[in-house]
Every structure is written in structure tokens, then in C-alpha cells.
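What follows is a short report on a single structure.
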Protein chains: 2
Amino acid sequence: MSAAAPSSEPASRRTELLAIAAGLFSQKGFRNTTVRDIADAAGILSGSLYHHFDSKESMVDEVLRTFQDELFGQYDDILLGDADPRTKLERAVEVSFAAIDRHPHEVAIFQNEASYLGAFERFGYLAERNAQSRAVWLTLLHDGVREGALRADLDVELTYRFIRDTVWVAVGWYRPGGKLTHDVIARQYLAILLDGIATSPAAPPAPTKGR
Amino acid sequence: MSAAAPSSEPASRRTELLAIAAGLFSQKGFRNTTVRDIADAAGILSGSLYHHFDSKESMVDEVLRTFQDELFGQYDDILLGDADPRTKLERAVEVSFAAIDRHPHEVAIFQNEASYLGAFERFGYLAERNAQSRAVWLTLLHDGVREGALRADLDVELTYRFIRDTVWVAVGWYRPGGKLTHDVIARQYLAILLDGIATSPAAPPAPTKGR
DNA sequence: GTCTATAGGGGGATAGAC
DNA sequence: GTCTATCCCCCTATAGAC
């Protein structure tokens, strides 16, 4: 097998091919993307791909590992920092939206294919990363409650799911380079998450000012 | 082709087969589910399926249409009702979580396959339903702002996306019959959405009570 | 590093017997 | 309503030439 280890050289052909594959995987799904699709997009024939990679699986594997190593490194930095709980939570949200901005394909692949790929031994690390992600958010939320920054009656597990879902699913509609930048979205999202959208808790029918 | 119209009789074989197919489509994805998978699960051979349906596409088509007709009927009832804006918004959220409870497979299929299926002419109605859903939520949000129930500075478009995403993506982890019932989840979710998770807007580091 | 050629398997769908 | 048998296409991956 000629597939060599990624050797940090001049953004190699290997890297180019991975980027092309990632785009297709995110757009059409892993199974629904054929090696011929990838080869076509790269301007070569399908057989030639196997000079660079062992298999289609190897491609998605390398894409996901590279992305996750970077993302979880950022989470770790936040957790190890000495900011207050609310700030840490805000930073984690910001970092996540920034990841969607910089690596939309990778995020989409992880979102859409994790459950399918996770069934293979080779991709067992996906479940580990998932647990690690949960641990990060639960830590942030528990710290926030303990220090009084978040409501004491919070269902932390449920809140974690809502945050996780809302943040990552944004990859479905966020467009890098569009009108809304990732940091604006993060701020707006945090405003809703932290303070809600209502004018007051269980507001009365409102003193009929409009209509 | 023998595929007859659904004739409302005793939960027919046809209906059974659709339920089996829906379960597989939601679990493994549409493309990743073979007609042989469906036939196996039904205890028959793949060729026999074509006595009931024209094609695999026809199956997913019927599943989605049936579900969406029901769901949007409920949305319409809410919109046409005379409740106040906040109550309408709450009901729409409740109805959506109830739909996840009663039709988890259908919701999952719509969530995961809409973008793929939508590319075919036959499934053009998926895009229409999507636009209809957006119209429902935007109406609810705009009414809420106009009547003073929701913050005047709300980014309605962005809020719509967050609501939509968080509600439907719950199908990924919600388990009918589990500890958390759909109405409890809806209430908890509305608590976060309407009032936020923070103790106070931009709370100070908190009078260090714990640690 | 890419091409030609092809092996080997699985997919959707059909025709006709029972 | 189901089964047997099968067609034809597309998929991943390989072997060896250039």
C-alpha cells in the first residue's frame, strides 16, 4: 500500500485530494459519494486514487481525525484557562461556531456520518470523541451552576443536548463568507441561550400597544 | 403496476410494510437501506415488495406525505386559533415534540433525507413544506414581537433557525417510552428558549458562595 | 502519478410460476 | 400475495502498463 503518512510538506496532492473528498462527503454523504465522483472532481481516474489512499474509508478517516484533533485542542485550552464559568461557556460556543466557519465540510461529515461510521471498529474513536465532547459541555454547565452564573434548577443533561444540537446543526445553513459571520451568530445565539427571547418570564398578554 | 391507492382498510399489509420500511430508512438512511433489507424485515423476498409498491422511492414518498399532511394540519390549527402569541409559540413547540414522539421514524427521514430526495422532481413538495414550515415559525415570532411578548431586538430569522434546529434534531436522541416524555422536554426547552439559562443578564462573577 | 482493464460483489427491478 | 430466477447497472478495489 503506497498510502504514506501525511508528511507536512507543501500542501501536497494528498491534501488536495482529501479536501476534494471532504467536500463531496459533506455534500452527498459518505456512502453516496463514489470513488469515481472523487476522481472526477480531481481530474483523474478512480484507479489512480488508490495510489494515494488505501480505501475510501481511509480518506474519511484522515479527514475526521485531523479536524477533531484541532477542535478538541481548543476545548482543552478553554477548560484549562482561568476565565469565569460564563466566559468559558461563551468561548466554547464561539470556538464551535468558528470551527463551522473554518471546517464546514468536516463538521458536516461528523454530524451526518458519525452514526454510520461509528459502527466500524476502525471508527471507534468517534464514540470516544463524542463522550469527550459531552464531558466538556457538562463541565462548563456544572461549573456555571455551582458558581451561580447559571440557573440552579437547570437540567444540565438536557441543556447540554440543546447546546450541542443547536451549535452543530448550524452547519446545515451557515455559509462561510455570507452575510452572517460566525462570531455574530455566536453572539446572537448566546444572547438567546443565556437570556431567552421573551420580554419577561411568563409575560402577561402585554398592554396591547400594537394592533 | 399493482400498487393501489391507500384504501383506509384494516391496517393493511401495505401499511405494515410502510412502517417496516420507515423504521429502516430512519435507522440506516434511504440509500443505505436495500429493498432486500425491507423484504427481510417483513419476512418476504425482495421481488414480492413490488407487488405492493412501484419502487423504493414510492415507499419513502408515501411515508413522508402522510406524516407531513398530519403535522401541517396541526400547525394550521394553531395559527388559526385565537390564543395569544406566546401561547401559540408554546403550542407549536409542543406539537413538534409530540410529532417526534408519535412519528420518530418519519421525522428522522425528513431530517436526514430531505436534501438528497429534494433533488428529484418527484420530491419537490419537500422544499414547499420547508418553506411552509419557515412561514409558520416566522409568523409566530413576528406576532410575538409585535404584541410585546418577545424581545423587540430579536433577529427573527436567526431565532427561527435555532428553534427549528433544536426541535427537530431532538429526534436523534429522544426515545419514545423513555424517562423523558415529549411534553416534559417541550416545557424544559421552552423554559430555555423563552427565559434563558443565565441567572441574570451578564451576571457578575457571583458572590462566591461555593468553592 | 496516472491510465487501461477488469475482477468481484451488491443493488433495484422484472417476468412468470405457484 | 409470495417465490424463483435473473437481468443489468454501478460500486470498490486491484494489477500492471506507461
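Just the heavy atoms: all of them, side chains too, but no hydrogens, waters or symmetry mates, feed the values below. Keep in mind the model is a prediction, meaning the values are calculated, not measured.
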Length of the [atom1]-[atom2] vector between [X] and [N], whole Å:
{"X": "B/L49", "N": "D/dT2", "atom1": "CG", "atom2": "P", "value": "9 Å"}
{"X": "B/L17", "N": "D/dG1", "atom1": "CG", "atom2": "C1'", "value": "10 Å"}
{"X": "B/F30", "N": "C/dG11", "atom1": "CZ", "atom2": "P", "value": "14 Å"}
{"X": "B/D40", "N": "C/dG10", "atom1": "CG", "atom2": "P", "value": "13 Å"}
{"X": "A/N32", "N": "C/dG12", "atom1": "CG", "atom2": "P", "value": "13 Å"}
{"X": "A/I38", "N": "D/dC11", "atom1": "CD1", "atom2": "P", "value": "12 Å"}
{"X": "A/D54", "N": "D/dA13", "atom1": "CG", "atom2": "C1'", "value": "11 Å"}
{"X": "B/K56", "N": "C/dG11", "atom1": "NZ", "atom2": "P", "value": "9 Å"}

Report the nucleotide, chosen from [options], that has the shortest atom-to-atom distance to any side-chain atom of [X].
{"X": "A/T34", "options": "C/dG12, D/dT12, C/dC3", "answer": "D/dT12"}
{"X": "B/H52", "options": "C/dA13, D/dT2, D/dT12", "answer": "D/dT2"}
{"X": "B/S55", "options": "D/dA13, C/dT2, C/dA13", "answer": "C/dA13"}
{"X": "A/Y50", "options": "C/dT2, D/dA13, D/dT6", "answer": "D/dA13"}
{"X": "A/L45", "options": "D/dT2, C/dT4, C/dG12", "answer": "C/dT4"}

So, is [X] close to the [N] phosphate, meaning a side-chain N or O under 4.0 Å from OP1 or OP2?
{"X": "A/R36", "N": "D/dC10", "answer": "no"}
{"X": "A/H51", "N": "C/dG1", "answer": "yes"}
{"X": "B/S48", "N": "D/dG1", "answer": "no"}

**Asked** Would you say the ring centroid of B/F97 lies under 6.0 angstrom from that of B/Y189?
**Response** yes
**Asked** Looking for any heavy atom pair under 4.0 Å, which part of the strands does A/T33 touch: base, sugar-phosphate only, or nothing?
**Response** sugar-phosphate
**Complete:** Residue pair B/R31/B/I44 against DNA chain D: nearer the 5' end by closest nucleotide is B/I44
Measure from NZ or CZ of [X] to the centre of the six-membered ring of [Y], then state whether that distance is under 6.0 Å and the direction lies within 45° of the axis.
{"X": "A/R164", "Y": "A/Y160", "result": "yes"}
{"X": "B/K56", "Y": "B/F30", "result": "yes"}
{"X": "A/R161", "Y": "B/W173", "result": "yes"}

**Prompt:** Less than 3.5 Å between a donor and an acceptor, one on the side chain of A/R13 and one on the base of C/dG1, is that the case here?
**Reply:** no
**Asked** Is a donor on one side and an acceptor on the other found under 3.5 Å between the side chain of A/T159 and the backbone of A/D155?
**Response** yes
